[in-house]
Amino acid sequence: MAASQDTIEKAEALGESYKHGFVTEIESEFAPKGLNEDIVRYISARKNEPEWMLDWRLRAYRRWCEMEEPQWAKVDFPQIDYQDAYYYAAPKGYDDRPKSLDEVDPELLETYEKLGIPLAEQAMLAGVAVDAVFDSVSVVTTFKDKLEEVGVIFCSISEAVQEHPELVRKYLGSVVPYSDNFHATLNSAVFSDGTFVYVPEGVRCPMELSTYFRINAQHTGQFERTLIIADKGSYVSYLEGCTAPMRDENQLHAAVVELVVLDDAEIKYSTVQNWYPGDKEGRGGIYNFVTKRGACRGRNSKISWTQVETGSAVTWKYPSCILQGDNSVGEFFSIAITNNRQQADTGTKMIHLGRNTKSRIIAKGISAGHSQSTYRGLVSVHPKAEGARNHTQCDSLLIGDECGAHTVPYIEVKNPSAQIEHEATTSKLSEEQLFYCRQRGLDAEAAVALLVNGFCKEVLQKLPMEFAVEAQKLVGVSLEGSVG
Amino acid sequence: MSEVMLKIENLHVTAEGTEILRGINLEVGAGEVHAIMGPNGAGKSTLSNVLSGRPGYEITAGSISYFGEDLAALEPEERAAKGIFLGFQYPVEIPGVAAMSFLKTAINAQRKLRGEEELDARGVMTLVQGEAKKLNIGADMLKRSINVGFSGGEKKRNEILQMAVLQPKLAILDETDSGLDVDALKLVGEGVTALRAPDRAMIVITHYQRLLDYIVPDFVHVLAKGRIVRSGGAELARELDQLGYGDLAKVPAA
């Protein structure tokens, strides 16, 4: 299939560069502005949480008060006033979560229709179950019954706290402790909703699971928390997508994702991130400070992160794998595109603890406009990780003369049997390539989309089919106006 | 002479401040094949670049009319959609984009600009495979990233394939013979000859006569120091092959 052609068609059909920049007129209930213990208690009370959950949040909050915001990333943005934001916003009347689609506010359903995510099950992409998170709450999870038949739990994290407390208590914070880092700790204190997945032993999840996050309300941070557990011998493929309206303020998104993989199990986690990137001068846009980490706890377990990052004003994100189990495998496939004034500092950490653990990293960075893109990655081989192997490939593509690409690899090897390979290239989109495409009939933007899609092909191929087309289209759209 | 397709009048072109073309006059009619020959640095490639709209050249005087339209006012992709095809001397590598998918994108980009309906994947496949077979291009080559790791012969055959598929009205072949061995030269030459048509014109730019054994031109022009210093029929190419360009370059423009 000529995927690039789809890209171009879709990109042209979109017309404008950010199509998700609309606001849904819906009444929202906010927690009072600012952050203190009472807000944490308010959030917990609104969710009717048990004591242990509140305690955990409060411990995180107190810890957070003592922490400093990290400064090491190669990103530059004004100091965030954490007291000048709402930490909880919900469509009015969502204390009682709708039981079925019929009970969902039609305005909300329309919002997701506009985003191209019809929640009505019959109209959905075949075989993809969706959990939709709107501001702070999960509004609807589809295909739940079908998943229950095979024993897969797929619900909002709030629901899991109520209905599967034993699983949540066992695994929440077990990969990313509440004290982990400034943003993760903040999330632990105020996380509002998110997705919970448990795949029982020996089950191959029959469909792609997907969460769609949308920030709608003004001055609102989004702090979702995702926890996915793949029990022995199970498999699940999960995809998250994100959008936000266009606003001239900066909104904070500080999510935490934890993956736990037991013996012989596998999680494939894909992200298509298209948060509002800000305008051409760099006004507005999302601050995307996300902690994503997976633990390959069991033997022969595997985690595969695939990400397509095209949005956000500032991105700070390092999906990582802790390779504890012998023969476990960690993969990281990434496309990070920055345009205009966007900044991205992203990469991965591969921590080799077990024997014969393997990791593979393919990172493709594309910078255009005045943007700055940094790959920052750690490959760490611990003393007991006999026979560990890593292969890292970092390719940067520059479009124009005003942007920057940086590669910061950290490699720590404490076992002499390890084999570590690192390859890096930096290239510029050439005038020759552009002219060649244009001479064959492609306009400048279509040519850039084609060339960049070609550059990213190895990573795009890793995405689930259903989303690969959307990702290709995004690649084109996010680079509009980068040449000519 | 048949219908005039391309009319170049007193064309002066500079690149980076240096005048390269100094008053070119040339008329190309439908169905005609014109060979442009000349020593290195005569301005042969500049002419093909200016006709196809490559950035970096400035027309300081004169005009190019294509079917009565001012060609200089058009973007490169608009020229492509209107039937101008440039066979590159050095075809460009595009990693990650398969030759087949590139062609589909190109065909439909052109059709769209012309306001025609796009071809579906099957339609493109049938068209491309049919033409590929004539040029001895296998399915494997169509799946590979375009021009990446292609041999010189493969690159040039791929250019001719694109020409065959895109069906241009005016094909400009810039030193298509460079980097080809005898067998590849024959294949490419015969491929091009098969594409001769009453409604299609060709400008074949070459340094040597050998390509013209396979693509027999109706007219041969000698370009030297930015001007056409001599024009004639196919026999002129053979004459040049024997005598070289030395004397001709000295002959003042007619």
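Each chain gets a letter, A, B and so on, in the order the sequences are listed, and its residues count up from 1.
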Taken in chain and number order and not counting sequence neighbours, the residues that satisfy side chain to side chain contact (heavy atoms under 4.5 Å, CB included) with Leu397(A) are Ile366(A), Ser427(A), Leu429(A), Val452(A), Phe455(A)
How many angstroms lie between CZ in Phe435(A) and CG in Asn49(B), if you round to the nearest 0.5 Å?
-> 6.0 Å
Determine yes or no for a side-chain-to-main-chain donor-acceptor pair under 3.5 angstrom, with Glu77(B) supplying the side chain and Arg440(A) the backbone.
-> no
Region of Ile84(B) in contact with chain A, defined by heavy-atom distances below 4.5 Å = both
Whether over 12 other heavy atoms sit under 6.0 Å from Glu431(A) CD | no
Using 4.0 Å as the upper bound for N to carboxylate O, is an ion pair formed by Arg54(B) and Glu432(A)?
-> yes
Could you grab the distance from atom OH of Tyr436(A) to atom CD of Glu93(B), nearest 0.5 Å is fine?
-> 10.5 Å
Heavy-atom closest contact (Gly441(A) atom, Ala109(B) atom, distance) = O-CB, 3.3 Å
Minimum heavy-atom distance Leu442(A)-Thr105(B), with the two atoms named | CD2-CG2, 3.8 Å
Answer yes or no: are there more than 12 heavy-atom neighbours, outside Lys82(B) itself, under 6.0 Å from its atom NZ?
-> no
Partner of Pro95(B) under side chain to side chain contact (heavy atoms under 4.5 Å, CB included), chosen from Lys457(A), Glu458(A), Gln433(A) | Gln433(A)
Proximal component of Leu166(B), with respect to chain A [non-hydrogen, under 4.5 Å] = side chain
Please say whether more than 12 non-hydrogen atoms of neighbouring residues, nucleotides or ligands are located less than 6.0 Å from CZ in Arg389(A).
-> no
Can you say whether Pro91(B) sits under 4.5 Å from chain A via the side chain, the backbone, both, or neither, judging by heavy atoms?
-> both
Do Leu434(A) and Pro55(B) touch side chain to side chain, with heavy atoms closer than 4.5 Å?
-> no
Asn147(B) portion near chain A, given a 4.5 angstrom heavy-atom threshold | side chain
With respect to chain A, which residue among Arg79(B), Met125(B), Gln110(B) yields the maximal number of heavy-atom pairs within a distance under 4.5 Å?
-> Gln110(B)
Does Lys358(A) NZ have over 12 foreign heavy atoms under 6.0 Å away?
-> no
Using side chain to side chain contact (heavy atoms under 4.5 Å, CB included) as the criterion, list what pairs up with Thr193(B), not counting sequence neighbours.
-> Arg196(B), Ile215(B)
Chain A heavy atoms under 4.5 Å from Tyr90(B): which part of the residue, side chain, backbone, both or neither?
-> neither
Evaluate the side chain to side chain contact (heavy atoms under 4.5 Å, CB included) criterion for residues Leu451(A) and Val97(B): first the C-alpha distance (whole Å), next the side-chain angles of each, then the deciding distance (0.1 Å), finally the verdict.
-> CA-CA 8 Å; Leu451(A) 294 169; Val97(B) 179; 5.8 Å; no
Do you know the tightest heavy-atom contact between Leu86(B) and Gln439(A)?
-> N-OE1, 3.1 Å
